Peer 1: 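What follows is a structure written as structure tokens; I'll ask about it next.
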Amino acid sequence: MNGQEEFFSRAFLQAVGNHIGPAVLPALLALGLAAILSPVAILVARRSGFMKRPRDRDIHVRPTPDVGGLALYAAFAAAALLTVPFSNALAGTLLAGAAAVLLFFVDDRIGMPALVKLALQAAVALAAILAFPHSFQITYLTVPGLQTVQIGLLAVPLTLFWLLGMQNTVNFLDGIDGLAAGVVAIVAAVLLVAASTRGQTEVVLLAACLAGACAGFLVFNWNPARIFMGDSGSNFLGLALGLLAVQGVAKVAVAFSLVIPVLALGIPIADTVWAIVRRRRAGISMAHPDTRHIHHQLLDFGLSQREVCVVVFSATALLGAVGLTLFGHRRVLAIVMVGLVIVLSTAAADHLERSSFRLPVPWLRRLLPEPLPSAKP
């Protein structure tokens, strides 16, 4: 074992032993439950007709069960109830998650107008904020060089804006197989590590349940997907991430307290903001769907759905590791960098082999001269 590998192994084992050991059991339990419940949901969806059929703008080409949100929530909730001590924060997370899953499961069935969906998102988030104010309100922030800034009357609208942003970010992200589940799993792991060094055991356990449920679901949601999470799943995941961030990172008096989840979700957040600006400039509704998201652009560049996921996962892990350096996790960034070099180099080699070195982008191909016609015998 060379020096770099020894450093990687020692740092990794130290992180597991000292910080995230308690998270292993809930993560594995949620992963196993999601891996069991997902095929059950597939079977039930096929027999009951709860299938998402392809439309003109959709990437998938065959009807696919879209009840994955139910399996995701059930795995998360069961693992949390079995491994997390009961508290107001646990109750609020489970109740808000259940409301989001059930309301948007109806949306998956009948297709609600955009304003109705936004109103439902706001209602669920606001109910959690008002019913559990000590758990789910951003009451202060800390700015470098200044004292802690109390939010005061802005606590409710600021937290509501945060939770709505998280729900819609994950919802927009759910455009190709496996992307949303994988990104949420990575961000939940980042929040887990951030909370572990601050003694926030409850956040550590809940984040482990969320990451595990996403990982177990990803087994069946990976391209080609055998099940979709639907709006019920994406809204639940976004809301859960937002609530965990408020419970954990936002409760710690550090500079820019929400910078870790914001950095980890930097690409999806930027994509969401640009989608809103793009649609408003075009004079259409902000909720009007299109195929100009970042993942669509990467597909147009010639990457496969799996390769797009690898690229976005890698960027999410890197940005999350950068955020963790603010919490003193200097070694995490080095570990992630080594891992990304391995993953991306492997993915690049696989892509080059699959494409046989062909240029996938039409405008690049047009820059090359046409091949000479072969001579006839």
Side-chain angles (χ1 to χ4, degrees), residues 23 26-27 30 34 68-69 72-73 75-77 79-80 84 89-90 92-101 104 121-122 124-125 128-129 132 135-138 158-174 178-196 200 202-215 217-218 229 231-252 257-272 312-313 315-317 319-320 323-324:
L72 272 168
Y73 175 77
F76 169 79
V84 183
L90 173 62
T93 302
L94 294 181
L95 289 174
V101 167
F104 287 96
Q121 290 175 333
V124 173
I129 293 169
F132 303 92
S135 299
F136 302 136
Q137 285 193 21
I138 302 172
L158 177 61
T159 310
L160 178 61
F161 177 79
W162 169 255
L163 295 179
L164 287 176
M166 288 297 97
Q167 291 181 78
N168 285 288
T169 295
V170 177
N171 194 23
F172 284 168
L173 187 63
D174 185 29
L179 187 60
V183 167
V184 171
I186 294 170
V187 177
V190 170
L191 291 175
L192 185 160
V193 176
S196 66
Q200 298 169 327
E202 185 176 47
V203 178
V204 169
L205 298 177
L206 285 172
C209 292
L210 188 62
C214 289
F217 178 74
L218 192 58
M229 67 176 63
D231 279 357
S232 62
S234 61
N235 277 278
F236 158 64
L237 293 181
L239 181 64
L241 270 185
L243 293 176
L244 284 176
V246 173
Q247 292 176 62
V249 179
K251 294 294 184 182
V252 180
S257 58
L258 293 177
V259 74
I260 289 181
V262 168
L263 268 178
L265 284 168
I267 291 179
I269 289 174
D271 186 41
T272 300
V312 179
F313 293 172
T316 301
L319 291 173
L324 285 173

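The model shown is predicted, which means the values in this text are computed figures rather than measured ones.
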Peer 1: How far does CG of L173 sit from OG1 of T169, to the nearest 0.5 angstrom?
Peer 2: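 It comes to 8.5 Å.
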
Peer 1: In chain order, what residues pass the side-chain hydrogen bond (donor to acceptor under 3.5 Å, both in side chains) check against T316, with sequence neighbours excluded?
Peer 2: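 Result, side-chain hydrogen bond (donor to acceptor under 3.5 Å, both in side chains) vs T316: none returned.
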
Peer 1: Parallel, tilted or perpendicular: which one describes the rings of F76 and Y73, with boundaries at 30° and 60°?
Peer 2: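 Tilted, since the angle between the ring planes falls between 30° and 60°.
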
Peer 1: Under 3.5 Å, which donor-acceptor pairs link side chains of residues 233-245 to any protein atom two or more places apart or in another chain?
Peer 2:
{"residue": "S234", "atom": "OG", "partner": "N171", "partner atom": "OD1", "Å": "3.0"}
{"residue": "S234", "atom": "OG", "partner": "G230", "partner atom": "O", "Å": "3.4"}
{"residue": "S234", "atom": "OG", "partner": "D231", "partner atom": "O", "Å": "3.3"}
{"residue": "N235", "atom": "OD1", "partner": "Q121", "partner atom": "NE2", "Å": "2.7"}
{"residue": "N235", "atom": "ND2", "partner": "D231", "partner atom": "O", "Å": "2.8"}

Peer 1: Tell me the closest heavy-atom pair linking A75 and A213, and the distance in Å.
Peer 2: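 So the two residues come closest at CB-CB, 4.2 Å.
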
Peer 1: If you compare all heavy atoms of Q247 against all heavy atoms of L206, which two are closest, and at what distance to 0.1 Å?
Peer 2: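 Looking at all heavy atoms of both residues, the closest pair is OE1-CD1, 3.9 Å.
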
Peer 1: Just how far is it from atom CG of L72 to atom CE of M229, taken to the nearest 0.5 Å?
Peer 2: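 The distance works out to 5.5 Å.
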
Peer 1: What are the two closest heavy atoms between A96 and A128, and how far apart are they?
Peer 2: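 What the structure gives for the nearest pair is CB-CB, 4.1 Å.
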
Peer 1: With rounding to the nearest 0.5 Å, note down the distance linking CD1 in I129 to OG in S135.
Peer 2: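 Between I129 CD1 and S135 OG, I get 12.0 Å after rounding to 0.5 Å.
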
Peer 1: Do you know the tightest heavy-atom contact between L192 and A23?
Peer 2: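 The pair with the smallest heavy-atom distance is CD1-CB, 3.6 Å.
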
Peer 1: Just verifying a value: how many Å separate L163 CG and L158 CG, rounded to the nearest 0.5 Å?
Peer 2: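 If we round to the nearest 0.5 Å, L163:CG and L158:CG are 9.5 Å apart.
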
Peer 1: How close do A122 and L160 get, heavy atom to heavy atom, and via which atoms?
Peer 2: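 Smallest interatomic distance, heavy atoms only, reads O-CD1, 3.8 Å.
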
Peer 1: If you measure from CD1 on I269 to CG on N168, what distance do you get to the nearest 0.5 Å?
Peer 2: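 The CD1 atom of I269 sits 11.5 Å away from the CG atom of N168.
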
Peer 1: Do you know the tightest heavy-atom contact between A211 and A185?
Peer 2: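 Heavy atoms of A211 and A185 come nearest at CB-O, 3.7 Å.
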
Peer 1: With rounding to the nearest 0.5 angstrom, report the CD to CH2 distance, Q167 to W162.
Peer 2: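 With rounding to 0.5 Å, CD (Q167) is 12.0 Å from CH2 (W162).
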
